[in-house]
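A, B, ... follow the sequence lines: proteins, then strands. Residue 1 opens every chain.
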Number of protein chains: 2
Amino acid sequence: MKTELCKVDEALSILVGKWKPIILLHLFSEGTLRFSELKRLMPNITQKMLTKQLRELEEEDIIDRVVYPQVPPKVEYSISEYGKSLETVLNIMHEWGSAHTKHMHEKKNKKILEQSH
Amino acid sequence: MKTELCKVDEALSILVGKWKPIILLHLFSEGTLRFSELKRLMPNITQKMLTKQLRELEEEDIIDRVVYPQVPPKVEYSISEYGKSLETVLNIMHEWGSAHTKHMHEKKNKKILEQSH
DNA sequence: CCGTATCCCGTAAGATACTG
DNA sequence: CAGTATCTTACGGGATACGG
């Protein structure tokens, strides 16, 4: 990995966005979900944001979007074949994130312990 | 990886910041660098931003900061022992990022080719 | 049901100047 | 040399209302 050609930012740019990791996680675990189902799984997201994040993931070929031409509308989202290559990355990040949470928690406790003397 | 306990965001929060990946990359490849050396390696970063990003990485225990009490001042930065656990994550992200750049590039070419017919 | 269109706000990040 | 301090700008994200 040479500093002149750092592609970490490229991966980051796909993943950043307040709701993207959780959206991907839901799609990885559920397979296929309708817009309304995703919305229900994330009560705090607004329709605008959900639409935006999904469009951006679609733009990067990570997810597939299938529109059923009917009334009322039905739109299904799923991880694309190519998008599945992201699973390893997400897993590694999740594992490191978990370990880091633990690390910082222990550090905090140690500090409190020291102060009690 | 359960959706209720997504820690991907935790890892992301450490890495986001316009200059953090490149700073880490330099420190991983060079070992130890002074503030001014880092600045020289990243001509476009302002002193304020460099300081801020370094402080945030230090706060998360990723890097060590050593101040030599002398005039003129000398401050050295390096990846902490704990911070080395990030290398795997960065490598995976870098590899996926490279592959993704290639993927999107090929997709673009394919599109242009189709339009020429 | 699955979106857009507006308006608004907080914060990341840049420019610039100053200091022990 | 290695930082602060101050001011300004850009943009992600939220609230709300409307539309096919």
Side-chain angles (χ1 to χ4, degrees), chain A residues 6 8-27 30-60 62-79, chain B residues 6 8-27 30-60 62-79:
Chain A
C6 175
V8 173
D9 290 324
E10 183 72 20
L12 274 177
S13 71
I14 311 301
L15 264 16
V16 292
K18 188 168 175 182
W19 304 93
K20 282 178 191 168
I22 189 72
I23 288 173
L24 291 173
L25 219 52
H26 283 306
L27 290 178
E30 300 296 321
T32 298
L33 288 169
R34 297 182 61 168
F35 184 88
S36 54
E37 292 173 323
L38 280 165
K39 179 84 181 66
R40 213 168 305 124
L41 289 168
M42 298 173 284
N44 292 328
I45 197 175
T46 61
Q47 287 196 339
K48 176 193 161 189
M49 281 311 294
L50 182 52
T51 302
K52 187 167 176 257
Q53 309 273 298
L54 287 169
R55 287 291 186 288
E56 289 173 9
L57 289 169
E58 190 193 359
E59 188 71 19
E60 299 293 339
I62 309 299
I63 62 175
D64 287 329
R65 176 172 181 266
V66 179
V67 182
Y68 295 86
Q70 60 187 46
V71 179
K74 175 179 169 182
V75 183
E76 285 185 343
Y77 294 91
S78 56
I79 305 290
Chain B
C6 175
V8 173
D9 289 324
E10 184 71 22
L12 275 177
S13 72
I14 311 302
L15 264 15
V16 292
K18 189 168 175 182
W19 305 93
K20 282 177 191 167
I22 189 73
I23 288 174
L24 291 173
L25 220 52
H26 283 306
L27 290 177
E30 299 296 323
T32 299
L33 288 169
R34 296 182 62 168
F35 185 89
S36 55
E37 292 174 322
L38 279 165
K39 179 84 182 68
R40 212 168 306 126
L41 289 167
M42 296 173 285
N44 292 328
I45 196 174
T46 61
Q47 287 195 340
K48 176 192 161 189
M49 282 310 294
L50 182 52
T51 302
K52 187 166 176 260
Q53 310 272 299
L54 287 169
R55 287 291 186 288
E56 289 174 7
L57 289 169
E58 190 194 359
E59 188 71 19
E60 299 291 339
I62 308 299
I63 63 175
D64 287 329
R65 176 173 181 265
V66 179
V67 182
Y68 294 86
Q70 62 186 43
V71 179
K74 175 180 170 183
V75 181
E76 285 186 343
Y77 294 92
S78 57
I79 304 291

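For the atom pair OH (A/Y68) and CZ (A/R34), the distance works out to 9.5 Å, reported to the nearest 0.5 Å. To the nearest 0.5 Å, atoms CE (B/M42) and CG (B/L50) are separated by 5.0 Å. Here the CG-CD1 distance, from A/L24 to A/I63, works out to 7.5 Å after rounding to the nearest 0.5 Å.
Look at B/R34 and you'll find a side-chain N or O under 4.0 angstrom from OP1 or OP2 of D/dA2. At C/dG14, none of the side-chain N or O atoms of B/K52 fall inside 4.0 Å of OP1 or OP2 (strictly under the cut-off). Phosphate proximity of C/dT16 to B/T46: absent, as no side-chain N or O sits under 4.0 Å from OP1 or OP2.
For the pair B/K20 NZ and C/dA12 C1', the computed distance is 11 Å after rounding to whole Å. Between the P atom of C/dC1 and the NZ atom of A/K39 lies a distance of 12 Å, rounded to the nearest Å. For A/M49 and D/dC11, the CE to P distance is 15 Å, given to the nearest whole Å. Rounded to whole Å, atom C1' of C/dG3 lies 18 Å from atom OH of A/Y68. Note: CD1 (B/I45) to C1' (C/dA13) measures 10 Å, nearest angstrom. The separation between B/M42 atom CE and C/dA13 atom P is 14 Å, rounded to whole Å. Computed from coordinates, the B/E58 CD to D/dA2 P distance equals 15 Å when rounded to whole Å. Distance CG (B/L50) to C1' (D/dC1): 12 Å, rounded to an integer number of Å.
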Do any N or O atoms of the protein come closer than 3.5 Å to N or O atoms of nucleotides 3-7 of chain D, and which pairs are they?
| residue | atom | partner | partner atom | Å |
| --- | --- | --- | --- | --- |
| D/dG3 | OP1 | B/R55 | NH2 | 3.1 |
| D/dG3 | OP1 | B/R65 | NH2 | 2.5 |
| D/dG3 | OP2 | B/Y77 | OH | 2.7 |
| D/dG3 | N7 | B/Q47 | OE1 | 2.2 |
| D/dG3 | O6 | B/Q47 | OE1 | 2.9 |
| D/dT4 | OP1 | B/R55 | NH2 | 3.3 |

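Each salt bridge (charged side-chain N to carboxylate O under 4.0 Å, His left out) pair with one or both residues in residues 37-57 of chain B, not counting sequence neighbours, appears once here: B/K20-B/E56, B/K52-B/E56.
Between B/Q53 and B/K18 the shortest heavy-atom distance is OE1-N, 3.8 Å. Across every non-hydrogen atom of A/P21 and A/L15, the tightest pair is CD-O, 3.5 Å.
B/Q53 comes within 4.0 angstrom of sugar-phosphate atoms only, judged by non-hydrogen atoms across all strands, and of no base.
Along DNA chain D, the nucleotide nearest to A/W19 and the one nearest to A/P73 differ in position, and the one closer to the 5' end is contacted by A/W19.
Applying the side-chain contact (heavy atoms from CB on, under 4.5 Å) test between A/L38 and each of A/I45, A/L54, A/V75 identifies A/L54 as the sole match.
For the pair A/E60 (side chain) and A/I14 (backbone), a donor-acceptor distance under 3.5 Å is absent.
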(request) Go through the steps to decide whether A/T32 and A/D64 satisfy the test side-chain contact (heavy atoms from CB on, under 4.5 Å), and finish with yes or no. (result) CA-CA 9 Å; A/T32 298; A/D64 287 329; over 6 Å; no
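Five base pairs at each end of the helix from C/dC1-D/dG20 to C/dG20-D/dC1 define two local axes, and these are offset by 50° (rounded to 10°).
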